[in-house]
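Note sheet for the following structure.
Note that this is a predicted model, so its numbers are computed, not measured.
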Amino acid sequence: MVSRKLLLLLSSLISWGECRAITGASNASRDWSEAVTKAEDFLAQLTLEEKAYIATGVAGPCTGSIAPIERLGFRGLCIQDGPLAIRPADFASVYPAGVSVGASWDKELAHQRGVLLGEEFKAKGANVMLGPVVGPLGKDPLGGRNWEGFGPDPYLSGELGYQNIVGTQSTGMQSCVKHYIGYEQATGANPTPNTDGVTIQGYSSNIDDRTMHEIYSWPFASAVRAGVSSVMCAYSRVNGSYSCENNQTLNAILKEELGFQGYVMSDWGGTMSGAHAIENGLDMDMPGGAVGFGGTSWDNSLFGGNLIQAVNNGTLSTSRVDDIVLRVMTPYFYLNQDRADWPLIDPSSRELGDFSASMANYSWPVGGEAHRDVRGDHGTFIRKLAAESVTLLKNQNGALPITEIPRFIAVFGNDAADKSAGLASSPDSELIGTFATGGGSGSGRLTYLVSPLEAIKTWAEGRSDSLVQYITDNELIPGLLKPNSVGFGAAIYPIPEVCFVFLRYYVSEGPDHSDFDLNNNGSAVVNAVASVCNNTIVVTHSGNANLLDWADHPNVTAIMMAYMPGQESGNAILDVITGQVNPSGKLPFTVAYNASDYNTAIVNFTEGQFFDYRHFDHAGIMPRYEFGYGLSYTNFSIGGLSLETASGKGDVSPRPDPSKPIQPGGNPELYEVLVTVKVKLTNTGSLAGATVPQLYLAFPQDTTPAGTPVKVLRGFEKIHLKAGGSQTVAFELTRKDVSFWNVATQDWEIPAGTFEAKVGLSSRMISVTKIFEPLKGWSFV
């Protein structure tokens with residue numbers, strides 16, 4: 001158990017204001033220690049029952065609700081889904097999903113997305129945003145929730161998650177990073193009774209210690225360092241114990257090793273015990289006693305009345321309950337959520353969520369203007385981010401961009417059209433309709449959606465004699481496009497100059513995938529169109545890797561992955577098609593030739609660190625499109641790699657100084673910059689554009705333990721350049737970046753021997769390399 005003493009010790013070491021100042025994004029007027037003092041004063045006035053209410057959700061006006069305490073002026077906590085939109089709300093924006101942010105490889109856009117999300121959540125009266133997602137990481141390409149996160153590399157996920165959190169919390173909104181930890185499959189995560197009434201326990205993610213630190217806890221450490229208010233524990237078990245009552249992961253790693261000062265919240269229905277879970281690190285039970293999740297009232301939830309009883313009978317210490325209150329209330333005071341002008345909860349959110357049960361029991365802060373529009377001009381940003389994430393995989397003979405409107409245009413595929421089941425529908429409830437977002441708690445309620453077909457038809461209006469023809473029923477397309485004497489038959493005539501094919505791959509919380517095939521006969525649609533159209537451009541909306549077995553078809557001239565782009569879907573892809581935006585997205589995962597090329601069964605963690613590009617490198621498998629890959633309409637070159645040690649850094653010790661007090665993120669020496677890698681990036685083409693130089697490190701193989709990858713990502717920057725322009729790009733390497741987790745010493749350690757810094761435009765397109773030895777005076781070769 002993490003004691004109140006440790007919490008207060010941590011609070012004296014570093015303020016969140018200092019953490020946030022790293023990126024220059026803080027509007028808080030109080031530092032962390034002042035917020036701790038306010039939380040202590042609040043705690044001193046609470047009864048035991050009121051303390052239990054701080055730890056236990058109740059039925060209320062939000063996705064999750066902590067009840068108000070009217071006598072102390074505490075209006076409660078409104079906790080709302082989700083990572084890409086405020087889900088139970090009208091007139092709110094639906095942003096590109098995490099996978100799109102990952103494909104953008106753009107830290108600035110990740111930060112700005114966090115800011116705008118925070119503003120919208122706050123304006124609707126929320127206190128806590130359930131996001132971002134860095135777990136599942138996405139180690140299995142068939143995972144149904146991979147699209148909610150940023151991609152399967154922990155460094156990429158950690159950097160983008162950090163920026164998202166700092167942006168969100170700069171608005172005063174609490175951020176809750178999820179789902180901690182090893183939650184790589186939705187299927188079978190919860191205990192479930194079989195047909196004989198025997199309970200089958202949720203699966204266990206059995207993860208070795210080194211992989212836990214170097215892979216799965218890495219992005220959560222970045223979130224803690226960003227000052228995240230809350231961490232949501234997952235449904236599944238980890239090494240035999242459920243995530244929401246796992247002493248090793250919650251207490252030993254998260255709260256002690258990483259110095260997490262906020263509170264651990266359960267996923268909805270993820271609490272498996274009361275006092276046992278509390279002692280092992282769980283701080284808040286969600287949704288508590290709400291109907292359908294752990295009971296029919298607050299009194300018979302696993303926390304609630306049971307927490308009170310456990311304290312009274314000596315099973316649970318008062319000091320641990322006080323620790324919970326401080327952890328929950330300090331972020332509340334730190335982010336100034338106690339101020340009188342904090343927005344009231346929009347009444348429409350309560351109605352949309354049907355959160356009416358038991359509301360009469362408390363004085364909820366619901367009121368003000370109903371249906372208030374919080375979108376502002378955020379659609380402009382959404383369109384920009386969606387376009388910046390588009391990844392151009394193939395561009396044969398300069399098929400793109402299309403700078404002049406063709407006379408004859410054809411559009412095919414069920415992903416091209418408007419949603420046939422309505423804007424609020426889950427994508428799996430319709431056979432025709434474009435995918436702007438996946439389903440489940442990570443989705444959002446659209447107020448408008450620009451479909452690809454709508455955008456293309458509007459574009460074509462710019463030419464008076466342009467003809468746009470389309471078929472959006474995938475089942476009909478192969479039969480209708482049988483070549484005859486005029487090429488396309490009666491369905492489409494005359495033969496189009498360009499044929500756009502829009503395909504989709506449904507992703508959602510709940511189901512995982514069994515195959516990599518695009519939905520609704522997708523491959524057959526491409527082959528049918530390409531058999532009669534020699535300029536076929538394919539666009540996919542998918543949150544996962546798919547097998548693009550038609551990619552080498554000579555009539556498929558261009559392929560673009562558009563991921564989960566949000567409400568400006570059609571406009572964003574048209575911006576790239578027409579060259580208004582030069583594509584700069586990079587794959588956040590690996591696209592294979594064959595399903596057998598991937599090595600991970602969903603809940604089998606024996607692969608250690610070898611998944612995605614790390615596996616392909618280790619096994620010597622050629623991917624179809626590698627991690628970090630993405631084309632542009634211009635060309636770039638990288639050269640002039642140099643390395644510089646940080647000022648005053650000579651020889652360094654293998655391990656950080658253990659006497660350094662823990663700060664959020666761990667030992668502060670882990671984040672000291674030891675060396676800077678610099679390269680010169682040049683736009684050698686004729687168009688302005690952006691790209692992402694990527695730094696990979698190859699660790700010394702003879703002095704690191706077995707299971708060390710061939711190379712790992714340790715730096716990236718999105719750089720915009722005019723035609724002919726150049727820029728020096730710097731990557732700062734910290735001690736943690738050049739260390740591995742030593743399971744014997746239980747510490748991060750820099751191995752002896754030579755490292756190789758590799759910089760290129762993808763994980764396989766390495767342009768320049770340089771060797772260095774950190775433990776020998778930073779000698780560079």
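Interatomic distance, Ser443 OG to Glu148 CD, rounded to the nearest 0.5 Å: 9.0 Å. Taking NZ of Lys107 as the start and CG of Leu156 as the end, the distance is 9.5 Å to the nearest 0.5 Å. Rounding to the nearest 0.5 Å gives a distance of 8.0 Å between OH of Tyr625 and CG of Leu631. Rounded to the nearest 0.5 Å, atoms OG (Ser451) and CD1 (Ile432) are 12.0 Å apart. Considering OG1 of Thr590 and OH of Tyr613, their distance stands at 9.0 Å, rounded to 0.5 Å. Atom NE2 of His179 and atom CD of Glu184 lie 11.5 Å apart (nearest 0.5 Å).
Taking a 6.0 Å sphere around OH of Tyr470, one finds it holds 12 or fewer heavy atoms contributed by other residues, nucleotides or ligands.
Comment: Arg113 does not engage Asp106 in a salt bridge, judged by the lack of any side-chain N to carboxylate O separation of less than 4.0 angstrom. One finds no salt bridge joining Asp267 and Lys178 here, because no Lys/Arg side-chain nitrogen approaches an Asp/Glu carboxylate oxygen to under 4.0 Å.
A heavy-atom distance below 4.5 Å is found between the side chains of Tyr203 and Tyr183. Within the 4.5 Å cutoff, no side-chain heavy atoms of Pro709 are placed close to those of Asp617. When side chains are defined from C-beta on, Leu393 counts as touching Leu548, because their heavy atoms get closer than 4.5 Å. The shortest distance between side-chain heavy atoms of Ile382 and Ser93 falls below 4.5 Å. By the 4.5 Å heavy-atom criterion applied to side chains, Phe408 and Ile495 are not counted as neighbours. Side-chain contact between Pro152 and Lys139 is absent, with no heavy atoms from C-beta onward closer than 4.5 Å. Contact check for Thr434 versus Pro452: side-chain heavy atoms found under the 4.5 Å cut-off. Between Ile86 and Gln80 there is a side-chain heavy-atom pair separated by less than 4.5 Å.
Residues forming a ring pair (Phe, Tyr, Trp, His ring centres under 6.0 Å) with Trp105 (at least two apart in sequence, or on another chain): Phe627, Phe716. Judged as a side chain to side chain contact (heavy atoms under 4.5 Å, CB included), and not counting sequence neighbours, the contacts of Phe636 are Ser632, Thr634, Leu681, Asn683, Thr691, Leu721, Leu761. In this structure, the ring pair (Phe, Tyr, Trp, His ring centres under 6.0 Å) partners of His618, at least two apart in sequence or on a different chain, are Phe610. Evaluation of the salt bridge (Lys or Arg N to Asp or Glu O under 4.0 Å) rule for Lys384 yields Glu388 as partners, not counting sequence neighbours. Scanning for side-chain hydrogen bond (donor to acceptor under 3.5 Å, both in side chains) contacts around Thr606 gives Asn604, with sequence neighbours left out. In this view, Asp373 and Arg375 satisfy the salt bridge (Lys or Arg N to Asp or Glu O under 4.0 Å) rule, not counting sequence neighbours. Under the salt bridge (Lys or Arg N to Asp or Glu O under 4.0 Å) criterion, Asp153 pairs with Arg614, sequence neighbours left out. Tyr95 is linked by a side-chain hydrogen bond (donor to acceptor under 3.5 Å, both in side chains) to Glu120, His378, counting only residues two or more places apart in sequence or in another chain. Every residue two or more places apart in sequence or in another chain that forms a side-chain hydrogen bond (donor to acceptor under 3.5 Å, both in side chains) with Asn546 is listed here: Ser542. Every residue two or more places apart in sequence or in another chain that forms a side-chain hydrogen bond (donor to acceptor under 3.5 Å, both in side chains) with Tyr448 is listed here: Gln567, Glu568. Among residues two or more places apart in sequence or in another chain, the salt bridge (Lys or Arg N to Asp or Glu O under 4.0 Å) test is passed with Glu475 by none.
Here the side chain of Lys457 pairs no donor or acceptor atom with the backbone of Val468 at under 3.5 angstrom. No donor-acceptor pair under 3.5 Å is formed between the side chain of Gln469 and the backbone N or O of Leu467. Under a 3.5 Å cut-off, the side chain of Glu626 and the backbone N or O of Ser763 do not form any donor-acceptor pair. Although no hydrogens or angles enter the test, the distance criterion places a donor-acceptor pair under 3.5 Å between the side chain of Asn555 and the main chain of Ala530. Between the side chain of Asp512 and the main chain of Ala186, a donor-acceptor pair closer than 3.5 Å is present. Checking side-chain atoms of Asn535 against main-chain N and O of Glu497 turns up a donor-acceptor pair under 3.5 Å. Asn571 places no side-chain N or O within donor-acceptor distance of the main-chain N or O of Ala455, the cut-off being under 3.5 Å. A donor-acceptor contact shorter than 3.5 Å links the side chain of Lys718 to the backbone of Ser104. Side chain of Asn582 to main chain of Ala688: a donor-acceptor pair is present (N/O by atom type, distance under 3.5 Å, no hydrogens or angles). Of the possible polar contacts, one joining the Asn414 side chain to the Leu431 backbone as a donor-acceptor pair under 3.5 Å is found.
Of all heavy-atom pairs spanning Pro693 and Ile638, the tightest one is CB-CD1, 4.1 Å. Residues Phe381 and Leu109 share a closest heavy-atom pair of CZ-O, 3.5 Å. Contact record, Pro219 with Ile215: CD-O, 3.2 Å, taken as the closest heavy-atom pair. Nearest heavy-atom pair across Asn395 and Ala558 is OD1-CB, 4.3 Å. Smallest separation of non-hydrogen atoms from Leu713 and Gln694: CD1-CB, 4.1 Å. Here the closest heavy-atom approach between residue Cys499 and residue Val529 is recorded as CB-CG1, 3.7 Å.
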Would Glu404 and Arg463 count as a side chain to side chain contact (heavy atoms under 4.5 Å, CB included) if you check the C-alpha gap in whole Å, the side-chain angles of each, and the deciding distance to 0.1 Å?
-> CA-CA 9 Å; Glu404 296 183 6; Arg463 175 172 177 168; over 6 Å; no
Would Leu385 and Val101 satisfy side chain to side chain contact (heavy atoms under 4.5 Å, CB included), going step by step from the backbone distance to the final call?
-> CA-CA 7 Å; Leu385 173 55; Val101 181; 4.1 Å; yes
I would like to know whether Trp268 and Leu130 meet side chain to side chain contact (heavy atoms under 4.5 Å, CB included); could you show each step before the answer?
-> CA-CA 11 Å; Trp268 271 229; Leu130 296 178; 3.8 Å; yes
After noting the C-alpha distance and the side-chain angles of Ile537 and Ile402, does the key distance pass the side chain to side chain contact (heavy atoms under 4.5 Å, CB included) rule?
-> CA-CA 11 Å; Ile537 296 172; Ile402 302 174; 4.1 Å; yes
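Contacts classified as ring-ring contact (aromatic ring centres under 6.0 Å, His included) and involving residues 516-552 (residues at least two apart or in different chains) are given here: Phe516-Tyr598.
With His513 as reference, Leu142 is the one residue of Asn146, Leu142, Thr187 to meet the side-chain contact (heavy atoms from CB on, under 4.5 Å) rule.
Ring orientation note: the planes of Phe589 and Tyr563 are nearly perpendicular, at an angle over 60° on the 30°/60° scale.
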